[in-house]
Each structure stands twice: as structure tokens, then as C-alpha cells.
Amino acid sequence: MMTFTRKILKSLLEANKPPCVSIYMPTHRAGKETEQNPIRLKNSLNEAERQLMERGLPRLEAEKILEPAQKLLQDSTFWRYRSDGLALFLSPEVFYHYIFPFIFKESVVVDDHFHFRPLLPLLAGDSLFYVLALSQNKVKLFQGTRYSAQEIVPEDLPAGLAETLAVQDFERQMHYHSSSSRGTGRRPAIHHGGGGSGDDNKEDILHYFQKINTGLHEVLKDEHVPLVVASVDFLLPLYRKANTYPHMIDAGIPGNPEDQSAEKLHEKAWAVLQPYFQTSHSEAASRYRQNAGTPSTSDKIEAIVPASCNGRVETLFVGAGREKWGTFDVTTGNTIAHENKEPGDRELLDFAALCTLQNGGTVFAGEPDNGSGGSPVAAVFRY
């Protein structure tokens, strides 16, 4: 199961060959209720087929678009990865599916573009985070929201310190044999933490943490959300030394994470991060209010949409549950909003939020403390 990242978001935004099918559904993590998960997906696929045919698509073409998702119904491995919500995106060009630690309202949308509004609470700047559960025996990464957390498994994470040392010793041996074959002299001593000095042990752990940091890079490289580390106290400074992710939080979760459930780690992480998120939101709202009425801000959708696509939006506020339909011309930047949805329209608030995220900006759900004069959207510009 892939992790939803900004890179994936960009791929979905660029996959603009209609029709685009977006499916959101809640899922059960455990118990007898898990049997409802594939049944619910089957019903959603039936509804998607109905909507595709309603748009004039022949049944065979509709079935071809939905075929990759139909295969999931009998995939027992797929249903082992359980969380609170499932999202699927299908078109003639792409098929993606993701699990999320978030309960979605069940919905099926067939349109000229993918439908992302249910994801905005997860992608907002005051919800999503990562927890790195770190010990010498194993390492786990969790993606979390204020609601729950789920484990994700990057391909390149080392299994533990012992595995890292074994690889390190093998590399040293290979280097020695290569050097010896060239007549470079005596065999170098090989030490590691199993029996070395305290300094040797720290160096080995640091090397292990550097491997972890490298393994996390593919997941975190485009992210701008906080990372909190759960570990015993003496490991945290060592990991800070190895870390290159700029959004790691100074405060950690103390204690051996091997002794704590995912639910407990989520509870402790949210206790650390809730004040951080509140401060972040308050500072962004204050920045908007201080600059309201100047060229540095706007609450006009016609100005915000092209700015978001051009990477000018630093911070965006989107009113919860609000919608604004219209059209956007990529070539001219011309944005036209309509009172009601018209053929060919897209939801502009959704679109502006996704473009802001794609370009490294931050999105908050809600208005900046009513400082936007009742507009459903407000933005702080970079320039």
C-alpha cells in the first residue's frame, strides 16, 4: 500500500484525462465488521459504473476503467492493510488506492477531474504528522492525524541495529579484501557496538540512524508536516544529529516505543503536537490579519486560484464545508466563478488548496478568525 505524498498529489492533478472516478469509504480495522469492507467497495464500484454510463460511456469502457479496483475485491493481501478510510482514484490513465487514518463519508464522484475535498482535513497544516518509533531493535513509521495513526512501511528502512552492523561489517570486509589485493597493507580492525567502547557504540548507532534517515527520504522529501520521534532519552540526541528532515519537532515521546501500542503512540504524539498546531494556525491567521487589505493578501477567488497555481500562495485558509464552482484557464490565468455548478466547472476552493500544497504552501481549514470578511477563502502571498 503506497503512502499518499505531495508527489502523488501532483500526479493526480496532472492526470486530467476524463472521466475521473474518486471513491471514498470508511473501513473497519478489526472484528466481524471487516467483512463489510469489500462489500462496501463493490457497492461503490457499481455506483461508479452507473455514473460512468450515465455520462454516455459504453459499459465495456466503464468496466475497463474500474477493472483494477475490481481485482482488489478478491485480493486478501490488500484487505490485511486496515485503517479507518480508503480512497481510490481511477481514470483511463491512472489507478491509485490509499488507506488513511481518517473516517471518510462514503462518496463516489465521476467528473472531469479527481475529487479531493474529503482529503483536505488530512492535508491541512493543522492535522497531518509522522511518528518515528525508534529503538535499537526495530524502527517503525506512522502517519497520523488528530484522529488516529497507521503504520506505513518505507522500502529502505533498516530492520534494526544488528542488521545495519552486519551490512557495515560486510562492506568493511569487502573494502579490506579489495585493499589487500592491491597490497595496501595490514587488515584494519573492525569494531562495533556489540563489544566495543562507548564511543564505538555511539558511532554504530549514529550510522544506523543515518540509514534510517536515508530510508525516510523518499516518504518525507516533499512533506512540510511535523515529525515526532519516540525513543528512550539517550537515543534522541543521536537521531537529531543524523536527521536531515527540516520539520522534526524538538520534543520527543520518551520511553521505549516497543512497549507502546500504535494507539498509545498516537495519543502521546497528539499531546505533543496539538499546541504546535494551534500556535502555527494562530500565527498564520495573525499574519493574514496584519496584512489584510494590502497586495500581500487576498480573499478573492479570482486572484487566489492563479496565484496558487503559480506558487505565490504561502498560506491558504479554506472555509470548512464551503464550495465555489467555476473555470480556470491555465494559459491565461483567467478565473471565472459561478453561483452554481455549470458543465465543465471544477470546485475552485479544492483546486486552489491542492495547488498550494503542491507548491509547498500550507493550507488551513477554516477562515483566519473571521478576518476574511465572510469570504470562503483567504490567502497570504509569498510575493
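All figures in this text were calculated on a predicted structure; none of them were measured in a lab.
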Minimum side-chain heavy-atom gap H97-L72 below 4.5 Å: yes
Side-chain donor or acceptor of S375 paired with backbone N/O of D299 under 3.5 Å: yes
Exam field: side chain S280 to backbone Y276, donor-acceptor pair closer than 3.5 Å: no
Geometric class of the Y288/F317 ring pair [parallel <30°, tilted 30-60°, perpendicular >60°]: perpendicular
Lys/Arg-Asp/Glu bridge criterion (N-O < 4.0 Å) met for K264, E267: yes
From CG (L238) to CG (L206), nearest 0.5 Å: 6.5 Å
R240 side-chain N/O to D250 backbone N/O, donor-acceptor pair under 3.5 Å: yes
Path from L45 to L60 over hydrophobic side-chain contacts below 4.5 Å: no
Under 3.5 Å: donor-acceptor pair, side chain of N334, backbone of D329: no
Separation between OG1 of T362 and CD of E314, rounded to the nearest 0.5 Å: 7.5 Å
Close side-chain approach of D345 and H338, heavy atoms under 4.5 Å: yes
Interatomic spacing from CG in L66 to CG in L52 - rounded to 0.5 Å: 5.5 Å
V225 vs H247 side-chain heavy atoms within contact, under 4.5 Å: no
Side chain to side chain, F102 and L128, heavy atoms closer than 4.5 Å: no
Minimum-distance pair of heavy atoms, taken over all atoms of Y383 and G311: CE2-O, 4.4 Å
Residues E49 and R59 bridged, charged N to O under 4.0 Å: yes
H266 and F129 aromatic ring geometry - parallel, tilted or perpendicular at 30°/60° bounds: parallel
Nearest-0.5 Å distance that lies between atom OG in S308 and atom CG in L348: 9.5 Å
Side-chain donor/acceptor of Q51 to backbone N/O of V110, under 3.5 Å: yes
Intermediate values then yes/no, side-chain hydrogen bond (donor to acceptor under 3.5 Å, both in side chains), T297 and N291: CA-CA 6 Å; T297 66; N291 292 280; over 6 Å; no
Within-4.5 Å side-chain heavy-atom neighbours: C309 and V330: no
Cluster overlap M248 with L141, hydrophobic side-chain contacts below 4.5 Å: yes
D112 side chain to P18 backbone, donor-acceptor under 3.5 Å: no
NZ/K64: more than 12 non-hydrogen atoms of other groups inside 6.0 Å: no
Heavy-atom side-chain contact between F114 and V94 under 4.5 Å: yes
Carboxylate-amine/guanidinium proximity below 4.0 Å for R50 and E47: yes
Residue pair F89, Y96: steps toward the ring pair (Phe, Tyr, Trp, His ring centres under 6.0 Å) verdict: CA-CA 5 Å; F89 304 98; Y96 291 110; 7.7 Å; no
Plane angle bin for Y24 and H115 - parallel if under 30°, tilted between 30 and 60°, otherwise perpendicular: perpendicular
Close side-chain approach of N243 and F209, heavy atoms under 4.5 Å: no
Expected output: side-chain R40 to main-chain P26 donor-acceptor under 3.5 Å: yes
Distance, nearest 0.5 Å, that separates CD1 of I205 from CD of Q210: 12.0 Å
Mutual orientation of the aromatic rings belonging to F100 and Y98 [parallel < 30°, tilted 30-60°, perpendicular > 60°]: tilted
Transitive ILVMFWY side-chain link I39 to I23, under 4.5 Å: no
Backbone of H28 reached by a side-chain donor or acceptor of N37 within 3.5 Å: yes
Any M25 side-chain heavy atom under 4.5 Å of Q36 side chain: no
Approximate separation, where rounding is to 0.5 Å, of L90 CG and L88 CG: 6.0 Å
